[in-house]
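Before any comments, here is the structure.
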Amino acid sequence: MCDWDLINKVWAKVEEDLAGNGQTVLLRLFEEHPETKAHFPKFKDIPLGQLTSNADVKTHGNTVFKALGDVVKQKGKHASNLQALATTHINKHKIPPQNFTLITNVILKVFAEKFPGEITAPAQEAFSKAFKAICSELEDLYKKGGFQS
Ligand code: HEM
């Protein structure tokens, strides 16, 4: 069982600057895993250094974090949210499933740095469990969706 209440408590803090926090995560993802940037038609040809001031990165960070917040708020009853994400990321964006593990690991790292007061050991554990469950459910949906890399 994941402690969704604890996760939602931290998420309220994340929402104080949803776009900025999403932007930080995307930039860190591109920095630590440069191959992920190549999946984004809007960003793949722009050097990382220029993306820090790119408004589209912030807008997309907001989009990603809005969707992730919608998942978190379901407190585990997120099957339809994950199905929608899997469908577009399989068929439209063609994102291999292991990228979800990369981004959720980056999210945990960024949260620990930005919110040391909120990311207590139990909160870290709750997010870690929830993200693992989400990634594994997405992987199952990818298998059902016949993802071909
Ligand atoms: C926490 C995990 C993620 C969430 C919640 C998320 C959410 C979203 C949402 C809501 C959209 C727009 C609507 C749609 O097309 O479904 C989107 C678009 C997209 N996502 Fe994700 N995403 C995640 C992870 C990733 C990862 C790891 C990659 C690639 C490494 C990726 C690549 C893309 C691309 C290329 C688009 C299209 C961007 C554009 O409009 O130019 N996503 N994502």
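All residue numbers in this chain count up from 1 along the given sequence. We count ligands from 1, going down the list as the structure has it; atoms in each ligand are counted the same way. Computed over heavy atoms, backbone and side chain alike; hydrogens, waters and symmetry mates excluded.
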- request: Sequence neighbours left out, what passes side chain to side chain contact (heavy atoms under 4.5 Å, CB included) with Ala79? Give chain and number order.
  value: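 Applying side chain to side chain contact (heavy atoms under 4.5 Å, CB included) to Ala79 gives none.
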field: Shortest non-hydrogen separation from Lys42 to Asp56 and the atoms involved
entry: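 Result for this residue pair: CD-OD2, 4.1 Å.
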message: Within the 4.0 Å heavy-atom shell around Asn99, which atoms of ligand 1 are there?
response: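 Numbered from 1, ligand 1 contributes 27 (C), 30 (C).
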Numbered atoms and elements of ligand 1 in range of Phe100, under 4.0 angstrom, heavy atoms: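 Listed by number with element, the hits are 2 (C), 3 (C), 23 (C), 24 (C).
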field: By side-chain hydrogen bond (donor to acceptor under 3.5 Å, both in side chains) - contacts of Asn99 (at least two apart)
entry: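 Once residues adjacent in sequence are excluded, Asn99 has no partner under the side-chain hydrogen bond (donor to acceptor under 3.5 Å, both in side chains) criterion.
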Identity and distance of the protein heavy atom lying nearest [atom]:
atom	value
atom 35 (C) of ligand 1	His39 O, 3.3 Å
atom 41 (O) of ligand 1	Lys42 NZ, 3.6 Å
atom 1 (C) of ligand 1	Ile103 CG2, 3.9 Å
atom 32 (C) of ligand 1	Phe40 CZ, 3.3 Å

task: Determine whether any heavy atom of Lys92 lies closer than 4.0 Å to an atom of ligand 1.
output: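 Outside the 4.0 Å threshold, so no.
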- prompt: Sequence neighbours excluded, which residues qualify as salt bridge (charged side-chain N to carboxylate O under 4.0 Å, His left out) partners of Glu15?
  reply: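 Testing Glu15 for salt bridge (charged side-chain N to carboxylate O under 4.0 Å, His left out), a comparison that skips the adjacent residues, returns Lys73.
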query: Do you see a protein non-hydrogen atom under 4.0 Å from atom 13 (C) of ligand 1?
result: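 When distances to the protein are checked, atom 13 (C) of ligand 1 has no heavy atom within 4.0 Å.
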Heavy-atom donor-acceptor pair, [X] side chain to [Y] backbone, under 3.5 Å:
X	Y	result
Lys94	Asn91	yes
Asp3	Ala126	no
Lys37	Pro47	no

message: Working note: His89 + Tyr142, criterion ring-ring contact (aromatic ring centres under 6.0 Å, His included); need CA distance, chi angles, decisive distance, verdict.
response: CA-CA 9 Å; His89 287 72; Tyr142 264 68; 8.1 Å; no
- prompt: When the ring centroid of Phe40 is compared with that of His93, is the distance short of 6.0 Å?
  reply: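 Ring centroids of Phe40 and His93 are no less than 6.0 Å from each other.
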- prompt: How are the rings of Phe127 and Trp11 set to each other: parallel, tilted or perpendicular (split at 30° and 60°)?
  reply: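 If you compare the ring of Phe127 with that of Trp11, the planes turn out tilted.
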query: What are the protein N/O/S atoms, named by residue and atom, that sit under 2.8 Å from atom 21 (Fe) of ligand 1?
result: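 As for protein N, O or S atoms lying under 2.8 Å from atom 21 (Fe) of ligand 1, they are His89 NE2.
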